[in-house]
2 protein chains.
Amino acid sequence: MDEPKIKNMEEFAAVSGISRPTISKYFNDPDSVRKSTRRKIEAALDRFDYRPNMYAMNQNRRLTKNIGVVVPYLADPFFAEIARIIENHVLSAGYRPVLLGSHGDPDLEIDNLENLRLIKPAGVLLAPLGRVSDAERLAAFCADVPTVLFDANIEDLGAAFVGSDNDQSIGLIVEYLCRTGAPPAFFEIRNPVNPNANKRRAAYIKSIEALGHKPHLLQADGEGWEFEQIGFSEGTRIIQEHDLPTDTILCSNDRLAIGLLSAAYQAGLRVGLGDGCALRVAGHDDHPFSRYTCPTLTTVSQDYAAIAQKSAETLFALIDSSKHFDSREETLFNGRLVMRGSA
Amino acid sequence: MDEPKIKNMEEFAAVSGISRPTISKYFNDPDSVRKSTRRKIEAALDRFDYRPNMYAMNQNRRLTKNIGVVVPYLADPFFAEIARIIENHVLSAGYRPVLLGSHGDPDLEIDNLENLRLIKPAGVLLAPLGRVSDAERLAAFCADVPTVLFDANIEDLGAAFVGSDNDQSIGLIVEYLCRTGAPPAFFEIRNPVNPNANKRRAAYIKSIEALGHKPHLLQADGEGWEFEQIGFSEGTRIIQEHDLPTDTILCSNDRLAIGLLSAAYQAGLRVGLGDGCALRVAGHDDHPFSRYTCPTLTTVSQDYAAIAQKSAETLFALIDSSKHFDSREETLFNGRLVMRGSA
DNA sequence: TCCAAAAGTTTACGCGTGTAAAAAATAAAT
DNA sequence: ATTTATTTTTTACACGCGTAAACTTTTGGA
């Protein structure tokens, strides 16, 4: 399209016939210049391929157009998926998403935030690790950088939180399970990393007692993010020891349920609703893989799209406003019952 | 730890008692300064928390310490996992990884590379989309930026390629399947995005003919990256139409196999090795979820760790050397047979 | 046609670091 | 102790763009 390589804004100003300060203004906000000027610039942009030097550009800016997106574990399709949606919102709002995964490691989580500091982000969307997070250092970061938490809530951290209403969603599936069969036991990790797990346990106890039943917890030992593995090995143990108080098990999340289903299959236990079935299993999250388990997993979906959109928009509002809200807003979205084959 | 906030290298030089150019040298390579000097600097670094401004730092550098990592689909645990390992290698080599996913979209793939250009990366590790990639623009990028391809090879693109030896791995599992039962048919997507799929088909035909059998292809219609969905719906169709030429099916990849296993389960077909089994199913990749399918999936593993390490090291060598190799090196790692329950 | 408001131009400086060159200081070796 | 090689200091300029101030031009009504 062009011969002479444009190396800086000066040169581009020359070939476009517009002064450099105006070009600069254009790149910071194309709508801030006159339409005729904008046309001229974009005509030149079409003939010559020039893009401002990002480093020079951001050097004098107090804050950039970067938005950090930090999730606890990218290899978990749940987070990969929600990160994907968030990225799209960030992009269409004119920001640049910077995606970082913490691989379940609190030190890496802090490293990620420190690295984000270096690029002076306009804001950060953070799904914290949870219990193992270094809350103090997270708080220090949130004090400096506009931050919205999503997925996992940590008390008073960040300017806002967006997530799922575990009370509602667990209530929904507990009610369903009780209505269609035996009241469920609750299968979870004893010492969960994710704060949602605690909320879900409490919600389970509350809702099952409200229905006049006695709660029963099946607590698996295990650390880390290998939930399927934990679900499988502890599930195998539980099945072998025959200490199931009921034929219905509600899992704290789908990944645990995936492991449990695998354990049940290998133990020869038929899972599902029909007459020949020895077990009913339900999950929580509507994990991308839950529709391909055997049998397909009955679960309650988190509203990925709504959580992604709301948290992004909250951050945009935070950035536009005076960089902090008057009060910390918590938005919880309802889950939706997804009836499949397993319960 | 400190009271006076350090705002730039000048101030840090003052408090550390070392001149600014030497400080600069230290940050570019801590080993390039005298040990005693280094100790002084690190003592100061311990008392005051100063980190160089990344934008000012990279402005005058021809190329930065950034390394781009681009994968076709982050929501695929296979890529998430390999990206995770690569990130670790990049970090421990003193570079900064920048992870980008293309969400299966060739336009986004190009966007990602263009955005990487802006940050002047020292090099890029690219797993291209494959057939749908804009090969011409990829080539233009590779001409400017040191790039090593991994996972999916595209003819003559990039300075090197690191991946799996599909001939070997497919040969391995075909041999196993033939030895332990009926020769397998090959289940794949008719018009696959990923170039590995074509290699695997060819390898299947070659190896099964070498064993004196007739190849049989089961080709599913479908586009995009929803492999499980394609495997499920086409698998269901095939099973219902009873046009299985054999009781053994080798899938082009594990995600397809996951869909097929789900279809078989729902059709009431028992999958596995034993007497009561109507079907044997095998996959390829050793996908993170393949050990939790029902039954667990017999497959052939890709050597994630080796591919990640070799591609990273190749890129480092490329960067250190004169920015290009004399010839394009292709490294293929062997797969390993993973015998589980499904075949 | 004239005039006020809006937008663009000119000029000039600042940001924080890389880096080159010459001079000075230090360390290692004779 | 002297020489020599290495490292550090001093000085100075460059990088590419943001942005402020004063001035000039264009625009859209009245």
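A quick note: this is a predicted structure, and the numbers were derived from the prediction, not measured. The figures here come from the full heavy-atom set of this structure, side chains too, leaving out hydrogens, waters and symmetry mates. Below, chains carry the letters A, B, ... as their sequence lines are ordered, and counting in each starts from 1.
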**Student:** Rounded to whole angstroms, how far apart are CD on Glu10(B) and P on dA12(D)?
**Tutor:**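 Checked: the CD to P distance equals 14 Å.
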**Student:** For residues 33-40 of chain A, run the donor-acceptor check on the side chains, cut-off 3.5 Å, and write out each pair with its distance to 0.1 Å, sequence neighbours left out.
**Tutor:**
unit_1	atom_1	unit_2	atom_2	d
Arg38(A)	NE	Glu42(A)	OE2	3.1
Arg38(A)	NH1	Asp31(A)	OD1	2.7

**Student:** Ring centres under 6.0 Å, that's the criterion: do Phe78(B) and Tyr73(B) meet it?
**Tutor:**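 Centroid separation for Phe78(B) and Tyr73(B): 6.0 Å or greater.
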**Student:** Taking only N and O in the side chain of Asn53(A), is any of them less than 4.0 Å away from OP1 or OP2 of dC15(D)?
**Tutor:**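 Checking dC15(D) against Asn53(A), no side-chain N or O comes under 4.0 Å of OP1 or OP2.
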**Student:** Specify the separation, in whole Å, of atom CD of Gln59(B) and atom C1' of dG18(D).
**Tutor:**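 After rounding, the gap between these two atoms is 11 Å.
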**Student:** Could you tell me the separation between the NZ atom of Lys120(A) and the P atom of dG18(D), rounded to a whole number of Å?
**Tutor:** 12 Å
**Student:** How would you list, by chain and number, every residue that makes a salt bridge (charged side-chain N to carboxylate O under 4.0 Å, His left out) with Lys120(B), sequence neighbours excluded?
**Tutor:**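 Residues passing salt bridge (charged side-chain N to carboxylate O under 4.0 Å, His left out) with Lys120(B): none at all.
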**Student:** Which residues pass the side chain to side chain donor-acceptor pair (under 3.5 Å) test with Asn66(B), sequence neighbours left out?
**Tutor:** Tyr55(A), Thr64(B), Arg96(B)
**Student:** Show me, pair by pair, the donor-acceptor contacts under 3.5 angstrom made by side chains of residues 123-136 of chain A, not counting sequence neighbours?
**Tutor:**
unit_1	atom_1	unit_2	atom_2	d
Arg131(A)	NE	Pro192(A)	O	2.9
Arg131(A)	NH2	Asn191(A)	O	2.9
Ser133(A)	OG	Glu109(A)	OE1	2.6
Ser133(A)	OG	Leu129(A)	N	3.2
Ser133(A)	OG	Gly130(A)	N	3.1
Ser133(A)	OG	Gly130(A)	O	3.4
Asp134(A)	OD1	Glu136(A)	N	3.4
Asp134(A)	OD1	Arg137(A)	N	3.3

**Student:** Using chain A heavy atoms and a threshold of under 4.0 Å, write down where along DNA chain C the contacts begin and end, 5' to 3'.
**Tutor:**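 Reading along DNA chain C, I get dA7(C) to dG16(C).
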**Student:** Can you list everything that forms a side-chain contact (heavy atoms from CB on, under 4.5 Å) with Arg84(B)? Sequence neighbours excluded, please.
**Tutor:**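 His103(A), Glu81(B), Asn88(B).
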**Student:** Which nucleotides of nucleotides 4-10 of chain D have their base under 4.0 Å from a protein heavy atom (B), which only their sugar-phosphate (S), and which neither (-), written as one string 5' to 3'?
**Tutor:** ---SSBB
**Student:** So which pairs with a foot in residues 17-47 of chain B pass ring-ring contact (aromatic ring centres under 6.0 Å, His included), sequence neighbours left out?
**Tutor:**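 Pairs touching residues 17-47 of chain B that pass the test: Phe27(B)-Tyr50(B).
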**Student:** Applying side-chain contact (heavy atoms from CB on, under 4.5 Å), can you list everything that pairs with Arg328(B), at least two apart in sequence or on another chain?
**Tutor:** Leu149(B), Asn153(B), Phe161(B), Glu330(B)
**Student:** Write down the distance between CG (Leu118(B)) and P (dG16(D)), rounded to a whole number of angstrom.
**Tutor:** 14 Å
**Student:** How would you label the contact of Asn58(A) with the nucleic acid (heavy atoms, under 4.0 Å): base, sugar-phosphate, or nothing?
**Tutor:**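 Result for Asn58(A) = nothing.
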**Student:** What contact category does Tyr26(B) fall into here, base, sugar-phosphate, or nothing, at under 4.0 angstrom with non-hydrogen atoms?
**Tutor:**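 The answer is nothing, as Tyr26(B) stays clear of every strand by at least 4.0 Å.
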